[in-house]
Amino acid sequence: MRATKKTWHNVLYICILLAAIFLLFRWYATANSQRIERQNLNYAMDSARQTTLQINSELINAQRRVHNYAYLLGRTLQGADVSAQMLLELEENSDFDALRFTDSEGLSLASDGSTSDSRDRDYFASGMRGESGCTVVENSMIVNKDMIVNKDMIVFYAPIWYEDEICGLLLGLYYAEDYLKEMLATSYFGEEADVFLCTQQGAVIASSEETSVYEQPLPDVLRDRGVVDERTAADV
């Protein structure tokens, strides 16, 4: 009788021990999974941060280039005007997709001799105040290899000084999509990720996707597709 009772006690102890081991294992597995998720999140955030820094550095370098071009151009001018031939020669030896000169009246000249009105552009007012900067112009029409194309452009601008006065602006233009596509290409743990560069309003400037035409702000698109919830879209 005692032996039977002792056996049942041993079985009970073993069951309790097994239950404790199972609960401990579940706790460890959950904690380890949460730790891995945090590590993966930190990795993804750090990777995104590095991509951001890389793009920011490239934009700063492009701004410096157009500023240097504007300075050198101003030093070599014989008058207050820049000719299409001067733009063409400078364009052929630059990294920009196109260069333009906008005079003090807002008339923008391209290297092929075509002109357009830039008086309504924000960069025109800023540049004529002596400021340099970068902006995005949507659906900008530009002649490239005898073809007229409409693409979003990243426009870098800097004032050109002649005899201590601003005679106009030099614009360095990049096709936003082509210029940033390679830098936006990112993969996480061997899987390619869709990466987007957006304006403050959420409009997509460029992305790593093959096609990236979005009529709505990106957070709204991701919310409507169920990729993110309402709160995440609002936070973005």
Side-chain angles (χ1 to χ4, degrees), residues 55 58-184 197 199 203-207 210-213 215:
I55 293 175
E58 178 57 33
L59 295 179
I60 291 174
N61 289 335
Q63 180 60 56
R64 288 173 178 168
R65 285 195 294 271
V66 77
H67 187 275
N68 291 338
Y69 291 159
Y71 172 78
L72 294 174
L73 196 58
R75 298 283 291 181
T76 58
L77 286 179
Q78 301 299 317
D81 292 324
V82 174
S83 67
Q85 182 61 32
M86 295 171 67
L87 286 175
L88 180 61
E89 293 176 358
L90 189 60
E91 190 174 277
E92 290 176 345
N93 295 280
S94 76
D95 295 327
F96 291 100
D97 291 319
L99 289 170
R100 289 180 177 174
F101 169 69
T102 302
D103 65 18
S104 58
E105 301 299 321
L107 184 66
S108 185
L109 174 68
S111 61
D112 66 340
S114 61
T115 59
S116 58
D117 189 353
S118 298
R119 288 175 297 178
D120 61 338
R121 301 296 189 183
D122 293 338
Y123 61 75
F124 174 67
S126 298
M128 291 306 297
R129 291 196 299 266
E131 302 172 5
S132 299
C134 167
T135 187
V136 176
V137 177
E138 297 182 1
N139 296 320
S140 177
M141 186 175 69
I142 185 171
V143 177
N144 183 39
K145 297 181 180 179
D146 299 325
M147 295 178 60
I148 298 178
V149 295
N150 288 288
K151 284 191 174 184
D152 292 348
M153 303 293 296
I154 298 181
V155 179
F156 300 87
Y157 61 91
I160 299 176
W161 292 82
Y162 177 72
E163 294 184 350
D164 298 328
E165 291 187 0
I166 298 176
C167 65
L169 312 176
L170 182 66
L171 312 179
L173 289 75
Y174 278 125
Y175 297 130
E177 180 180 355
D178 302 336
Y179 173 51
L180 296 171
K181 190 178 188 66
E182 186 174 340
M183 281 186 284
L184 290 173
L197 178 67
T199 65
V204 176
I205 300 172
S207 82
E210 290 298 326
T211 56
S212 55
V213 179
E215 300 297 334

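Predicted, not measured: the structure shown is a model, and the values here were computed from it.
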Only pairs under 3.5 Å count here: list side-chain donor-acceptor contacts from residues 84-93, not counting sequence neighbours, and write none if there are none.
unit_1: Gln85; atom_1: NE2; unit_2: Glu89; atom_2: OE2; d: 3.1
unit_1: Glu91; atom_1: OE1; unit_2: Leu99; atom_2: N; d: 2.8
unit_1: Glu91; atom_1: OE1; unit_2: Ser111; atom_2: OG; d: 3.3
unit_1: Glu91; atom_1: OE2; unit_2: Ser111; atom_2: OG; d: 3.1
unit_1: Asn93; atom_1: ND2; unit_2: Glu89; atom_2: O; d: 2.8

What's the separation between atom CD in Gln63 and atom OG in Ser132, rounded to the nearest 0.5 Å? 5.0 Å
Please determine whether side chain to side chain contact (heavy atoms under 4.5 Å, CB included) holds for the pair Asp103 and Leu109, giving the CA-CA distance in whole Å, both sets of side-chain angles, and the decisive distance to 0.1 Å. CA-CA 8 Å; Asp103 65 18; Leu109 174 68; over 6 Å; no
For Asn68, I'd like to know if atom CG has over 12 heavy atoms of other residues, nucleotides or ligands within 6.0 Å. yes
Measuring from Tyr71:OH to His67:NE2, what's the distance to the nearest 0.5 Å? 10.0 Å
CG-OH distance between Asp95 and Tyr174, expressed to the nearest 0.5 angstrom: 4.5 Å
Would Thr102 and Leu171 count as a side chain to side chain contact (heavy atoms under 4.5 Å, CB included) if you check the C-alpha gap in whole Å, the side-chain angles of each, and the deciding distance to 0.1 Å? CA-CA 8 Å; Thr102 302; Leu171 312 179; 3.5 Å; yes
Spatial distance of atom CE (Met128) from atom OH (Tyr123) [nearest 0.5 Å]: 13.0 Å
What distance separates Arg100 CZ from Ser118 OG, expressed to the nearest 0.5 Å? 7.0 Å
Got a list of side-chain donor-acceptor pairs under 3.5 Å for residues 155-169, not counting sequence neighbours?
unit_1: Tyr162; atom_1: OH; unit_2: Gln78; atom_2: O; d: 3.2

Would you please test Leu73 and Val82 for side chain to side chain contact (heavy atoms under 4.5 Å, CB included) and show each step? CA-CA 8 Å; Leu73 196 58; Val82 174; 3.9 Å; yes
With rounding to the nearest 0.5 angstrom, report the CG to CD1 distance, Leu197 to Ile154. 6.5 Å
